[in-house]
Amino acid sequence: MSVTYELIHKDKFTGARAGILHTPHGDFLTPIFMPVGTQATVKTLSPDELEDLGAGIILGNTYHLFLRPTADLIQRAGGLHKFMHWNKGILTDSGGFQVFSLSTIRKITEEGVMFNSHIDGAKKFLSPEISIQTQFKFGSDISMAFDECIPYPADYNYTKNSTARTHRWAERSLNAAAAGQAVFGICQGGMYEDLREESSKFIASLDFAGCAIGGLSVGEPKEIMYKMLEVSTKFLPENKARYLMGVGTPDHLIEGVMRGVDMFDCVFPTRVARNGMAMVSPKTSARGRLVIKNAEFTEDFTPLESDCDCYACKKNFTRAYIRHLVRADEIIGLRLLTLHNLRYLQRFMAAMRQAILDDRFNEFRADFFGA
RNA sequence: GCGGCUCUGGUGAAGUGGUUAACACGUCGGAUUGUGGCUCCGAUAUGCGUGGGUUCGAUUCCCACGAGUCGCC
């Protein structure tokens, strides 16, 4: 198997795990946060900047790249790594999520999903086989199985049927994989404990390189999400990486890690950066965020965070300056916030890992939540 | 000097003799979780150039004054 997980240490008092993910493009310390680079770029940043801030694996998107510039073109370019000039890890989402979130018109059948491109409306088709083959053409280090991300709320029968189909698609995804292609399976089950358990057990039983937990953080109350997360991780194998898809915010990352999750991805840090928000520690701001456009920063000539080593803070770009840039719609403002937010999460993940190694994850968590 | 026209929030502007003066931008807040640099949601004129008058009631009608603008001498 080209991608493997090595468990280094498990926190003595929680389910938190510190490990190493081995991939064709390097070994990466877990728990890890993967910045999202949907269209073969983490918006606003160059690969060098990404590497400098400590990113190890980034997430690319089958749906978007499949439509434009197409998998064949990327293959002719020499693969996604070469095409976008990124030599570290790339995990690609299967496209299942976007078929449901971006396309207004689609039809699900046992075979796959017929949908209209959000770019030009053209009729397109994605199936487990097509998705896996597409990800192979990209040369992704980790390919994701094709699944349906069930919306919230969803009734029991719909959830049960959809999850069962996702399971059949999981087997087909695995069967479609080329030799050496690492594929992660995805658990679903909606917000029903029995279906979550069943899905988790099923995905765990297949020969995937890792297991993902999907369908969470889709609008449900956090108590429900944490409960589902617990049920899902409980039945996943210890010797494979667990990946919680689409999460998240610092509080969710902590809760995920505590329940034994190793990998995360989320648009949050990069998207909110482009909307003028800086993620900061609760010590810097009780809310854990600075809405940099707010008037309170008009004449604030301090950096976003005094103890941050990101490019923006290290060079002492001030809050007042970044506020001005964002208000004036200047690109560098988005870039500085993106650099900061991603660096913030890198340091955050590293701090969690150290806490696990020291068997003091509970203290880390309590400290974060201000207990 | 004479004549015409116009004066509504930070800005551009709708509008009506009768409860809360459209809308847009800006400003001030908020949202954002397997990415549309997209977007969405709140708040924001106790007052309609100033002073009188008519009227049960005037931002709306009338008069005077002021300011701006155009034209003529």
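Sequence lines set the chain letters: A, B, ... in the order given, protein chains first and strands last, and positions in each chain run from 1.
Considering all non-hydrogen atoms of both residues, Q181(A) and S143(A) come closest at NE2-OG, 2.9 Å.
Taking only side-chain nitrogens and oxygens, R287(A) comes nearer than 4.0 Å to OP1 or OP2 of A31(B). In this structure, R271(A) does not reach the A31(B) phosphate: none of its side-chain N or O atoms is under 4.0 Å from OP1 or OP2. At C28(B), one or more side-chain N or O atoms of R323(A) fall inside 4.0 Å of OP1 or OP2 (strictly under the cut-off).
Under the Watson-Crick or G-U wobble criterion, with both distances below 3.5 Å, U32(B) is left unpaired in every strand shown. Pair check for U6(B) finds A67(B); Watson-Crick or G-U wobble, both atom distances under 3.5 Å. The partner of U59(B) cannot be assigned: no Watson-Crick or G-U wobble pair with both contacts below 3.5 Å exists in any strand. In this structure, A14(B) makes no Watson-Crick or G-U wobble pair, since no nucleotide meets both defining distances under 3.5 angstrom. Taking a pair to require two hydrogen-bonding distances under 3.5 Å in either a Watson-Crick or a G-U wobble arrangement, U19(B) remains unpaired. Under the Watson-Crick and G-U wobble criteria, each requiring two contacts below 3.5 Å, nucleotide G26(B) is paired to U44(B). Nucleotide C72(B) has G1(B) as its partner under the Watson-Crick or G-U criteria, with both atom distances under 3.5 Å.
Counting only heavy atoms from C-beta on, N294(A) has its side chain closest to G29(B) among G29(B), G34(B), C38(B). In the set C38(B), G34(B), U33(B), C38(B) carries the atom at the smallest distance from any side-chain atom of N275(A). Comparing G36(B), G29(B), A31(B) by their nearest atom to the side chain of H64(A) picks out G36(B). The side chain of M277(A) has U32(B) as its nearest neighbour among U32(B), G34(B), U33(B). The side chain of K43(A) has G36(B) as its nearest neighbour among G36(B), A31(B), G34(B). In this structure, of U32(B), G37(B), G34(B), it is G34(B) that holds the atom nearest to the side chain of F97(A). Nearest to the side chain of T249(A), among U33(B), C28(B), G34(B), sits U33(B). When each of U33(B), G37(B), U32(B) is scored by its nearest atom to the side-chain atoms of H252(A), the top-ranked nucleotide is U33(B).
When the P atom is used for both C28(B) and G49(B), the distance is 28 Å, rounded to whole Å. A gap of 25 Å separates the C1' atoms of A45(B) and C65(B), to the nearest Å. G12(B) and U55(B) are spaced 34 Å apart, taking the C1' atom of each and rounding to whole Å. G4(B) and A64(B): their P atoms are spaced 11 Å apart (whole Å). Between C62(B) and U54(B), the two C1' atoms lie 7 Å apart (nearest whole Å). G66(B) and G47(B): their P atoms are spaced 26 Å apart (whole Å).
A straight line from CE of M225(A) to C1' of G34(B) spans 12 Å, rounded to a whole angstrom. Nucleotide U33(B) holds its P atom 12 Å from the CD atom of E220(A), rounded to whole Å. Per the geometry, NZ belonging to K293(A) stands 10 Å off P belonging to G26(B), to the nearest Å. D329(A) has its CG atom 14 Å from the P atom of C25(B), to the nearest Å. Summarising the geometry, the separation between CZ on R327(A) and C1' on G29(B) is reported as 13 Å, rounded to the nearest angstrom. The distance from atom CZ of F268(A) to atom P of G36(B) is 16 Å, rounded to the nearest whole Å. To the nearest angstrom, P of U32(B) lies 14 Å from CG of N341(A). Atom CG of L253(A) is separated from atom P of G34(B) by 12 Å (rounded to the nearest Å).
A cation-pi contact links R259(A) to Y226(A), judged by a cut-off of 6.0 Å to the six-membered ring centre and 45° from its axis.
Along RNA chain B, the nucleotide closest to Q39(A) and the one closest to L216(A) are compared, and the more 5′ of them pairs with L216(A).
Put simply, the side chain of D147(A) and the base of G34(B) share a donor and an acceptor less than 3.5 Å apart.
Salt-bridge formation is not detected for the pair K234(A)/E197(A): no Lys NZ or Arg NE/NH1/NH2 atom is positioned less than 4.0 Å from an Asp or Glu carboxylate oxygen. Ion pair R365(A)/E255(A) flagged as a salt bridge, since at least one NZ, NE, NH1 or NH2 atom sits closer than 4.0 Å to an Asp/Glu carboxylate oxygen. Checked for salt-bridge contact, D307(A) and K283(A) miss the test: no charged N lies under 4.0 Å from a carboxylate O.
Evaluation of the salt bridge (charged side-chain N to carboxylate O under 4.0 Å, His left out) rule for E111(A) yields R172(A) as partners, not counting sequence neighbours.
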Stepwise salt bridge (charged side-chain N to carboxylate O under 4.0 Å, His left out) test for E110(A) and R168(A): CA-CA 9 Å; E110(A) 184 61 28; R168(A) 293 190 293 275; 2.7 Å; yes

